[in-house]
> 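Below you will find the structure I want to go over with you.
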Amino acid sequence: MWYAHNPGRRTRQLLGDGAALLWTALWAAAALAAHQLVQPASQPAAHRPRIPLLGSSVDGALRGVAHAGNRIVSAAPAPQGPAAAQALAVLGAVALFVIPVGLMLTVWLPRRIRWTRQAAAAQDLAATEDGRELLALRALLRPLDELAATAELLPAQPDGTPDQDQDADQDPDLDLDLDVLPAPGPGSLAKGWREADPVVLDALADAELQRLGLRA
């Protein structure tokens, strides 16, 4: 899968992908325009194409490179002039496209592929009981504040409650106030995972799926 189920995360992914496509299209257009700029001065500079969306400063810099290329071509022997101009135009256009797009891809593409692999693996693990235990274990390795938020979703029912109620019936003087029982915390999650408590395992596995933007 390429996009998350969670609407917020899916929106961010769509915006990131759209920005990557726009960045690629922008530099492709700039490379094509630069290819036309870096040519022998067969037409006046005022009539040469303007680099779209890059602003006057970048456009002026590229025109300066074009003039430098024209001087190099003019200094070359006459039979080699057109070939040198064509080679310079192609190399300049390729460099103008590959460098910025390549830098963008080194940042954007690994993150997208890593999320895709993690999401696919998490979905496969969530389909089996053993896989959900692995998801729960991975959720236990999250920061403590995230574990505390997950623990708050657990019901506040300590172990041995039935025995305590039985003792209370036998001993009227024993006062059990269930309202002041401590709320579950990260420690209770670790204990529940060790004891294979299905409620704890499901809570942890669902928290890991939600972290990836997937449906629990």
> Hey, what do you get for CG (Leu141) to CG (Leu204), rounding to the nearest 0.5 Å?
10.5 Å

> I need the Leu189 CG to Leu201 CG distance, nearest 0.5 Å.
10.0 Å

> How close do Trp193 and Val200 get, heavy atom to heavy atom, and via which atoms?
N-CG1, 3.9 Å

> Looking at Tyr3, I'd like to know if the NZ or CZ of Arg112 sits under 6.0 Å from its six-membered ring centre while staying within 45 degrees of the ring's axis.
yes

> Is Leu96 linked to Leu103 within one hydrophobic cluster, defined over Ile, Leu, Val, Met, Phe, Trp and Tyr using a side-chain heavy-atom separation of less than 4.5 Å?
no

> Looking only at non-hydrogen atoms, find the nearest pair between Thr150 and Ala207 and report the distance.
OG1-CB, 3.6 Å

> Considering all heavy atoms of both residues, which atom of Asp197 and which atom of Val199 are nearest to each other, and what is their separation?
OD1-N, 3.0 Å

> Would you compute the distance between atom OG1 of Thr128 and atom CD of Glu133 and round it to the nearest 0.5 angstrom?
9.0 Å

> Starting at CG of Asn6, measure out to CG of Leu209 and round the result to the nearest 0.5 Å.
12.0 Å

> Please answer: with hydrophobic residues joined when any side-chain heavy atoms are less than 4.5 Å apart, are Leu91 and Trp27 in the same cluster?
no

> Where is the tightest heavy-atom contact between Ala139 and Leu147, given as atom of each residue plus distance?
O-CD2, 3.2 Å

> If every non-hydrogen atom of Ala122 is compared with every non-hydrogen atom of Leu135, which pair is closest and at what distance?
O-CD1, 3.8 Å

> Please identify each residue that fulfils side chain to side chain donor-acceptor pair (under 3.5 Å) with Asp206, with sequence neighbours left out.
Arg132

> Are Leu137 and Leu144 grouped together when hydrophobic residues (ILVMFWY) are joined by side-chain heavy atoms under 4.5 angstrom apart?
yes

> Could you give me the CA-CA distance, side-chain angles and deciding distance for Asp130 and Leu134, then say whether side-chain contact (heavy atoms from CB on, under 4.5 Å) is met?
CA-CA 7 Å; Asp130 293 339; Leu134 288 176; over 6 Å; no

> For Arg10, look at atom CZ and say whether over 12 heavy atoms of other residues, nucleotides or ligands are found less than 6.0 Å away.
yes

> What is the distance from atom CD of Glu208 to atom CG of Leu140, rounded to the nearest 0.5 Å?
10.0 Å

> Taking all heavy atoms of Trp115 and all of Ala4, pick out the closest pair and write down the distance.
CH2-N, 3.4 Å

> Taking Pro100's backbone N and O only, do any of them form a donor-acceptor pair with Trp23's side chain (distance below 3.5 Å, no angle check)?
yes

> Can you measure from CG (Leu214) to CD (Gln118) and round to the nearest 0.5 angstrom?
10.0 Å

> Do Phe97 and Leu32 have side-chain heavy atoms sitting under 4.5 Å apart?
no

> Does Val94 share a hydrophobic cluster with Val101, counting links as ILVMFWY side-chain heavy atoms below 4.5 Å and allowing steps through other members?
yes

